[in-house]
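All chains are named by letter (A, B, ...) in the order of the sequence lines, taking the proteins before the strands, and each is independently numbered beginning at 1. Nothing here was measured: the structure is a model prediction, and the numbers come from that model.
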Amino acid sequence: MPSPPDLDTSLTYCTYCPKLCRHTCPVSNAEAKETLTPRDKMATMRLLRRAEVPQTVEQSEPLYGCTGCGACTDFCLHKVEPGQALLRGRAEAERDGRGHPALRDLAARFTAKSTEAARRARAGVSQDKRPTEAQIAFFPGCDAPELAPTMLSLCDRIGAEYVSLADGEHGCGGYPLFAAGQFDAFRLHAERMSRQLAGFARVVVNCPACVWAMRTQYREFGVPLAPAVEHTSEFLEGFVERLPIERRRAAAFYQDPCYLGRWLGVYDAPRRLAKKAVDDVREFSRARNEAECTGGGGLLPTTMPDTAHAIAEHRLTEVRQAKVSTVVTSCPTCKRQLDRDDVHAVDLIELLDEATRK
Amino acid sequence: MMPGRVSTTVPDRIAYARDLWPRGLITLSGGNPAPHQPDAVVWPVSTEEVQDIVRAAARTATPIVPFGAGSGVCGGTLPIKGGIVVDLKRMRAVVEVDAVAGAATVEAGIIGEHLEHELNRRGFTLGHFPSSIMCSTFGGWLAARSAGQFSTRYGKIEDMVRRVSFVDGRGELHSVDASGTPDITQWIVGSEGTLGIITRATVTVRPSPERQLYRGWSFPRVASGCEAIRRLLQRNLRPACVRLYDELDSFLHRGEKDHDEGVPESSGPEAMLEQYLSMLTPTGKSVIGEWKRRAIALALNRPELVNRVAGAVLPYAQKGCLLIVGFEGDKGLCEAEARAATVELERAGGRDLGEGPGLRWLKHRYAVSFRMQKVFDAGAFVDTMEVATSWDKLLDLYRAVREAVSPLAFIMAHFSHAYVDGCSIYFTFAARGANTADAERKYDAIWKAGLTAVTKAGATISHHHGVGLSKAPFMPEEHGAAMEIYRALKNVLDPSGIMNPGKMGL
């Protein structure tokens, strides 16, 4: 796969492109707005950088209409990465005081949510499962800290009782700060996490966006991270043939999380695991690298909540048409986006926990 | 009215001030991103809302520009007189797919790829695959009489239409059926929003093909290739796709190491220019980096020389003209037609290149390269001119346009969209101006020379890109006195003259 072009080249390619990837963009599909196609978001960023348009909050807003799902990149012949480039645009907007109004106090909210997540994760876990040093530790992330005891209980059942909780002050890897373009705050947080996780050899993280951020962006920001980082599904795949399955669900769709699939290339591990606990794992008509986003990435639920909801509703169309009531995913954000009264979104950890309980 | 679905913001007005008319890209590269901004953009969700918008606009004589996805290359959706852009993309439902009728009723705003995907899920295909399928809408196809790459088998979009619903310039809703006499649908399809806004249509769909057979052939010259295609079509064979590249286009479509493989992974004009330069270098290797950009800029400054050199070099290349022929559909019929085609093409002097070139074309037919865009950021431009005529005039048309454009631009062509009665020629040309104004002047001169040659040859100025702004001056020459009929229809359906004003030569 070719490397993405440099930023200037990427912006130029996109500006002159006939929007060849627009059909993949969940935001512009939901909003039906040219301004939010990958081409126009990149063209807007280029115009801003060239000072050919007003340097205003309003003019910068399209930069925030992106979930970072990477579907456009997957389709692009040159592998341009609008999902990454636009974050640079957000950083420039932040720097110039034209950042998105909904993100103005994000750093403070982030700290509150991250510390609260850590508290909630630790709440259901006994002291002996919260060492400061261990070979393998589980880090549930800030969207579903309540999965910590569930995961550790599952680990006990499958013969991985040595897995402990990656306990500490913070419960988030920092992706939201990165997605906001608040790069200084992200770097500081990465340094904090580097210290918090220094005592572990491997950290199993349940949030794909944070797996990606910790694996790739900490290094980009010059922050070393001692433990290897892997996603829950990658860790659990090693136990797939030893799962003590007691019960199975009849049918469920599997939703590929964008950061797990397109960005980390993990497609098969969660499927293999889900198939152990579900008789009929259904595929969306657009799956794997063509999977549609559920609208939860890139802080879209904060900056454009109605659009984020509409994207998820669109994704649920096939589930409802098939009269299936369960969607399995391995991302807390996707789960939150897809969970409804008539459709139950289930994290892989919950699915396997349920399937292996006597 | 329409809370949250009306915008007058600067970013939205800039985004809707562009389509893909290459002249607009020249202006953009000159630092003017949005010379024709609308006053407002609206996103209706129903036919009733479209009617309300049009009625309100008619009361105040406010121009309206119907908008699909803005992929047009003739300036058809530019709001040159300001007013309201009506973006139809929130009206995107596949309303019904009737397997017995073999028909689908679809709202105008659905993106083409989304429509085909939905039909495929139900076991059908529209059979309409324009290069823009990822970035154009169903309504846009209808408005501009679009053709897909498989139009030889499935027809152009107007051939698929059974019923069209549209809101005229007074806000009145009409639903017209193609089975009526006369067929009023054809007055609306291709009118590019000048008579009304197409809101939905019923079109013929077919079962997804069981079998696809694609092959490449080589013919010594354009004339023998065209003759072979004519024989195929007039023998009533119905290939899905027939594409004959002229000598230069064939050469540029081939990599250095796989001359008989044909069709590159990235088939944009920029990649072709790059390949062309490699042909001119003694080693045949690609020129790299800044030197490549300079060399291309230099070449584009001397188009006549480039065309002459190409004419001198190509006979030594002895690669001939590449023809891609594909059949698809029912397995038995498809295989039988492919066998008959093989006999016919061999009889016409063709050399069978096997499945490779055909399958490569099929796989990469939507791949477009933008590697050389920095060259185009510096005053160069590329455009395409798709014209058509009957078989008896086809080669004269080819020669006339080449002769007219050669002094002004680097030019090549392929023949595609072949029918029983005639064929389209798709010219690609590239040139460069010293600055934005010079580039615009050269661009206009090329189009004037090209389309003058087209009308003199008795051919049509537009096979499937539409007319918009770029070809509007040639409408009177194309239609003669019949333009009066068009104007009369316009006066009835759009008495206030608000519908897409300034387009189509009205």
Check your understanding: For atom NE2 of A/H344, is the number of surrounding heavy atoms from other residues, nucleotides or ligands below 6.0 Å larger than 12?
Key -> yes
Please flag which part of [X] lies under 4.5 Å from any non-hydrogen atom of chain A: side chain, backbone, both or neither.
X     : result
B/T9  : both
B/R18 : side chain
B/D12 : both
B/A34 : neither
B/I14 : side chain

Proximal component of [X], with respect to chain B [non-hydrogen, under 4.5 Å]:
X     : value
A/T44 : neither
A/E61 : neither
A/N29 : both
A/A43 : side chain
A/T37 : neither

Point to revise | Ring geometry between A/H78 and A/Y13 (parallel below 30°, tilted from 30 to 60°, perpendicular above 60°) | key: tilted
**Study point:** Largest heavy-atom contact set with chain A, pairs under 4.5 Å, which of B/S132, B/G31, B/S7, B/A69
**Key:** B/A69
Review point. What residue in B/G4, B/P11, B/C135 has the most heavy-atom pairs under 4.5 Å with chain A?
Key: B/P11
**Study point:** Heavy-atom pairs under 4.5 Å with chain B, option from A/E52, A/K33, A/E318, A/E31 with the top count
**Key:** A/K33
Exercise for review: Evaluate the criterion side-chain contact (heavy atoms from CB on, under 4.5 Å) for residue pair B/R90 and B/E49; output intermediate values, then yes/no.
Suggested key: CA-CA 11 Å; B/R90 288 203 177 209; B/E49 284 192 347; over 6 Å; no
Exercise for review: Taking only Lys NZ, Arg NE, NH1 and NH2, and the carboxylate oxygens of Asp or Glu, determine whether A/R320 and A/E313 approach each other closer than 4.0 Å.
Suggested key: yes
Exercise for review: Step by step, work out the side chain to side chain donor-acceptor pair (under 3.5 Å) result for A/R249 and A/T326.
Suggested key: CA-CA 9 Å; A/R249 290 198 179 208; A/T326 304; 3.1 Å; yes
Exercise for review: Side-chain contact test, heavy atoms from C-beta onward, threshold under 4.5 Å: evaluate it for B/I133 versus B/W141 and give yes or no.
Suggested key: yes
Practice item. Go through the steps for B/T428 and B/V382 under the test side-chain contact (heavy atoms from CB on, under 4.5 Å), then give the verdict. Key: CA-CA 7 Å; B/T428 299; B/V382 172; 4.1 Å; yes
**Study point:** Point-to-point distance, once rounded to the nearest 0.5 Å, from NZ of A/K275 to CG of A/D268
**Key:** 8.0 Å
**Study point:** Distance (rounded to the nearest 0.5 Å) between A/Q55 CD and A/L48 CG
**Key:** 5.0 Å
